[in-house]
2 protein chains.
Amino acid sequence: MENIKVPEEFKVLISNRDKRYVRQCSIDCVVFGFAQNQMKVLLVQWKYLDKWTLPGGFIHQDEPIDQAANRILKERTGLEKLYLKQFATFGDPHRSRSKDMQQMLDAMGIFLPEDNWLFERFISIGYLALVNFDRVTPNTDLLSSVCGWHNLSEIPDLMFDHTHIIQTALGTLRKQLYTEPVGKYLLPEKFTMPELQKLYETILGEPLDRRNFAKKISSMSSVKRLKERKSGGAHRAPYLYTFI
Amino acid sequence: MENIKVPEEFKVLISNRDKRYVRQCSIDCVVFGFAQNQMKVLLVQWKYLDKWTLPGGFIHQDEPIDQAANRILKERTGLEKLYLKQFATFGDPHRSRSKDMQQMLDAMGIFLPEDNWLFERFISIGYLALVNFDRVTPNTDLLSSVCGWHNLSEIPDLMFDHTHIIQTALGTLRKQLYTEPVGKYLLPEKFTMPELQKLYETILGEPLDRRNFAKKISSMSSVKRLKERKSGGAHRAPYLYTFI
DNA sequence: CCAAAAGTGTTATTTGTACACCCATGC
DNA sequence: GCATGGGTGTACAAATAACACTTTTGG
């Protein structure tokens, strides 16, 4: 373990937590993207450990929680503005599983007293984000070796209760499908009706009728058909649409 | 102020907070009841102060948050089982308004250092409860002089952001009106169709058509019409219904 | 000209909404 | 017998669901 180099500033942070952060509260973000006809979730892999988590962080003492979630995701995705909504708060006392935390610290060669704040119970506020896949530049930080997309259907083993958090977020997204313009955030500015339909089918996990879907979407005032068509593909060129 | 008698155990609790509770996290409950054709909200008035708040409390370190909310409400209402759902988490850094807290302590003749935990920022998890008005026995505790029902339309000035929390809870309740069997929790076991309709109209704040309402409710499999009618009232005796 | 995808319209069913008359009861 | 509230049905409109053919394009 001696050859592992843990950044000094990290050691300071975790061994002597400063008072900048709200105690025992954290934020976990489920960032959904859509690409290659798959729903994607942004995950972070921890250095010195082969485990993944959701991107998350802590809340500054003077910071609104929505703003904290935005800050955390700006660091991870490079995006300043994105669809971001609180969807649930997770407060099982065993959700943080200090064993996972211990394992991570062991892997880094860091040994902390039992009363260190990292072993405290955390209550986590879950945020659901929708982003345009192509605009995201996943960023690592001091503690993470990889930050990247995973297919929602092939999520690796996650630490803590993060699998459960993703499932809850997906349920929330499904409920909101026809009340929030999810395509506006998940698709590029211009998109075709079949692309939008595929997005809906992927989120719902079931096929939809093309004609009824087009009718339903066309009745939404926020979706506008452009004069252009998407050229380049094989077969008949589909119209492009955009959200106003 | 010298003649105010503050319980000794309370002084111990607030001046030297024990480690039983999760730091900087609290729970606030919006308890809705229905009586006299009015929506009611349970509020607590603080001793030595003329201000009201929602019933709330803190979370034990080893306690799931849903269980904490249940414990808090059992103390306040006497009810073990009630409809109780997390609906949002409130995390504005100024929501707890330490000025309110200071005023309360001043009124009690208690002077605490600035770094006392009571002046910390609190992030509060909002719970929405639906209860049968008649089954509730509102209870006071060490710190509260009154715990009682208020008409939702005549809520007094509340401390902190509790007015906002109630508004958010009401919005949540309205959205859930036709997906959750709210009558099951807000009305007595047996009720009439006009009573149920009045409940819905009160929550929505708008009149509904009698025939269409009855049709809609009758199509729900969870509502059953009994053979009995409600006797005693003037005019034609209405049928009784119940949730299965 | 053929395969593959995109565009479009009609019908039947269900759901929602508007609306009026008769019935039971207490006074 | 009348005022009040409770029970019920029908007709129209809107939304939903099922379903098939034609057009465009590349190869």
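Note that these values count all heavy atoms, side chains included, but never hydrogens, waters or copies made by symmetry. Just so we're on the same page: letters track the sequence lines, and every chain starts at 1.
Both tests hold for Lys216(A) against Tyr178(A): distance to the six-membered ring centre under 6.0 Å, angle to the ring axis within 45°.
Here His60(A) pairs with Tyr21(A) under the ring-ring contact (aromatic ring centres under 6.0 Å, His included) rule; sequence neighbours left out.
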Please set out all donor-acceptor pairs under 3.5 angstrom arising from side-chain atoms of residues 36-43 of chain A, sequence neighbours excluded.
| unit_1 | atom_1 | unit_2 | atom_2 | d |
| --- | --- | --- | --- | --- |
| Gln36(A) | OE1 | Lys40(A) | NZ | 2.9 |
| Gln38(A) | OE1 | Ser153(A) | OG | 3.4 |
| Lys40(A) | NZ | Asn151(A) | OD1 | 2.7 |

### Task
Quick one: do Glu180(A) and Tyr185(A) satisfy side-chain hydrogen bond (donor to acceptor under 3.5 Å, both in side chains)? Show the steps, please.
CA-CA 10 Å; Glu180(A) 301 270 315; Tyr185(A) 309 104; 5.7 Å; no
### Message
Does Val22(B) form a side-chain contact (heavy atoms from CB on, under 4.5 Å) with Phe58(B)? I'd like the steps, not just the answer.
### Response
CA-CA 7 Å; Val22(B) 175; Phe58(B) 302 109; over 6 Å; no
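Chain A approaches DNA chain D over the interval dA17(D) to dG26(D), counting the first and last nucleotide 5' to 3' with an atom under 4.0 Å from its heavy atoms.
Side-chain contact annotation: Trp46(A) with Ser145(A), donor-acceptor N/O pair under 3.5 Å absent. No donor-acceptor contact under 3.5 angstrom links the side chains of Ser218(A) and Arg225(A), judged on distance only.
Using bins of under 30°, 30° to 60° and over 60° for the plane-to-plane angle, the ring pair Phe133(B)/Trp149(B) lands in the tilted bin.
Within residues 186-205 of chain A, no residue is approached by DNA chain D to less than 4.0 Å at the level of any non-hydrogen atom.
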Would you tabulate the pairs of protein nitrogen or oxygen atoms and nucleotide nitrogen or oxygen atoms of nucleotides 8-12 of chain C closer than 3.5 angstrom?
| unit_1 | atom_1 | unit_2 | atom_2 | d |
| --- | --- | --- | --- | --- |
| dT8(C) | OP1 | Arg225(A) | NH1 | 3.3 |
| dT8(C) | OP2 | Arg225(A) | NH1 | 3.4 |
| dT8(C) | O4 | Arg210(A) | NH2 | 3.4 |
| dT10(C) | O4 | Lys215(A) | NZ | 3.1 |

Contact list (N/O, under 3.5 angstrom) for nucleotides 25-27 of chain C vs protein:
| unit_1 | atom_1 | unit_2 | atom_2 | d |
| --- | --- | --- | --- | --- |
| dT25(C) | O4' | His235(B) | O | 3.3 |

